[in-house]
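Structure first, then comments.
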Amino acid sequence: MKKSLAFIILNVTLIFTGKSFASYPEFFGASYSTTAIGNQATLDANDPSNNYYVPAILGFSDRVNILLGATSTATTFKKMSNIVVANNTNSSTASTTGNVDNNYAKFYGGGLHFALPIGYQHLGTLGISVFLPIGNLMETNSGNPFLPEYVMYHSRYKRTSIYLNFARKWSDDFAWSIGTLVGFQASAEVKSNLSLNGAAYGSWAQARSKVAPSLGIITSFVKKINQAKFYFTYQQEMKSNLHAIVSGEINNPSLALFESGIDSMIFYDPHTFRIGTSLATEATELFAGLEYQLWSGYKPPTIYITKTGGVIVPSSNYEHIKVRNTINPRIGIKINLTDRWATSAGLGYRMTPLDGNFSGSGNSIDTDTYILSTGLQYRIVIWSKDVNLGTSLEYHSLVEKHVTKSTGQEDGSAGNKIGAGGYDISGHVIAASLGIKFNF
């Protein structure tokens, strides 16, 4: 009976929560133009997707700039064969072996970037960037709470995210910006009365939920020196949490009461510091950037059930991850082949925020990643207005790491941990994008 109640609570919770993740551009770039040079700012004042990386650059433009894009992302991870998938800490049966396929669904997303000059004498520029799954506002997936999970990829980027900024040119060679990223805090309360077969009356339930916005600060600065540009950006940490209360009874006949709290960190964006530069020549632009992220506030996306009354057994928390701050370098180049055609390429390296060899308890896994990207752009003129068409392709190669679990079960008793038998963290990700940019 207790297992049945826990199953009821978990399914109710899935209505409101999913895997913990950050926004799509953090991993795969804000647009075809920024992805093509290694996921960093192009420092083009008329490229509105810079609103994500360094919004201050938009202050140098007096045009209305719009960029529309679509993306597709596919992950391929190595199968984990003949590892322990159940033991006494998550099952009433003895240690069981099996396979973990790690087949995650493809993702299709879209992006909109809009830069609008404000005021008759150009008081500044309003920048708006929206990223969202195509056909949905959000896709969630709680994942398996016990088996190895690539927590940065399963559902990390399948949500709507919004960035709002105001940029202003202070002088001909200096601009600044202030803005926000939008998160949320969610709460829910569910009450139920469940009747069994043969009862005189049916089951009933009532539920209420609330989603409140939360805001994080974004600020940036840009300095021009001859043919070079230098920038700094700070983006505040954003935590989006879920708290839910689920209570009720199995009645008629009366069997049990349950009341539990459910908590999860749904989304997490780290404190992020960006510095970068670009250098333009007659036919070539060179780019370099460095991103420093603070991950001390990160928690795994596991759903935790606490007992506040009744017969429910609370969750066992066996995962104690180690996190580290990360440094992510990028370099890129753009070559103007003609006055209409341009091609780009980029290299990047992403450090994983998860530290250690994953030999202990827990299912969250990740590893460092090498990034290779390229792209192609074509400029046309329609009614004396510039229209740019572009596409990009990006390849992520995960640094292979072998995991060997330490002896003993998660609770310290004799036996094998989940994942025992050993497995490799290995795989790659391919992200493709295309888009169109208008300048008015």
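Source: prediction; values computed, not measured.
Taking the side chain as every heavy atom from C-beta outward, S33 and S49 approach each other to under 4.5 Å.
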Subject >> Test side-chain contact (heavy atoms from CB on, under 4.5 Å) applied to L286 and T284, step by step >> reply: CA-CA 7 Å; L286 302 175; T284 303; 4.1 Å; yes
Original post:
Passes side-chain contact (heavy atoms from CB on, under 4.5 Å), Y163 versus I218? Steps please.
Top reply: CA-CA 9 Å; Y163 299 81; I218 304 173; 3.7 Å; yes
**OP:** Please assess D44 against R63 for the test salt bridge (charged side-chain N to carboxylate O under 4.0 Å, His left out), listing each intermediate value before the final yes or no.
**Re:** CA-CA 12 Å; D44 178 357; R63 294 184 180 184; over 6 Å; no
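Defined by atom type and a distance below 3.5 Å, a donor-acceptor pair is missing between the side-chain atoms of E237 and Y298. A donor-acceptor contact closer than 3.5 angstrom is absent between the side chains of H271 and Y292. S61 and N46 share a side-chain donor-acceptor pair at under 3.5 Å. Side-chain atoms of S433 and S392 form a donor-acceptor pair, as typed in the model, at a separation below 3.5 Å. For the residue pair S129/H113, the side-chain donor-acceptor check at 3.5 Å is satisfied. Between T34 and N50, the side chains place no donor N or O within less than 3.5 Å of an acceptor N or O (distance only, hydrogens not considered).
For N336, the side chain to side chain contact (heavy atoms under 4.5 Å, CB included) partners two or more places apart in sequence, or in a different chain, are K334, A342. Partners of E394 under the salt bridge (Lys or Arg N to Asp or Glu O under 4.0 Å) rule, at least two apart in sequence or in another chain, do not exist in this structure. Not counting sequence neighbours, S296 has no partner by the side chain to side chain donor-acceptor pair (under 3.5 Å) test. Residues satisfying the side chain to side chain contact (heavy atoms under 4.5 Å, CB included) test with S364, not counting sequence neighbours, are V151, P300, E319, I321, L354.
Screening residues 216-230 for side-chain hydrogen bond (donor to acceptor under 3.5 Å, both in side chains), with sequence neighbours left out, gives D173-K223, S177-S220. Judged as a side-chain hydrogen bond (donor to acceptor under 3.5 Å, both in side chains), the pairs with a partner in residues 371-381 (not counting sequence neighbours) are, in order, R379-D386.
Within 6.0 Å of CZ in F174 there are more than 12 heavy atoms belonging to other residues, nucleotides or ligands.
Note on K417 versus E410: no salt bridge recorded, every NZ/NE/NH1/NH2 to OD/OE distance being 4.0 Å or above.
Nearest heavy atom pair, residue F28 against residue T35, reads O-OG1, 2.7 Å. Shown here for T73 and A431, the closest heavy-atom pair between the two residues is OG1-CB, 4.0 Å.
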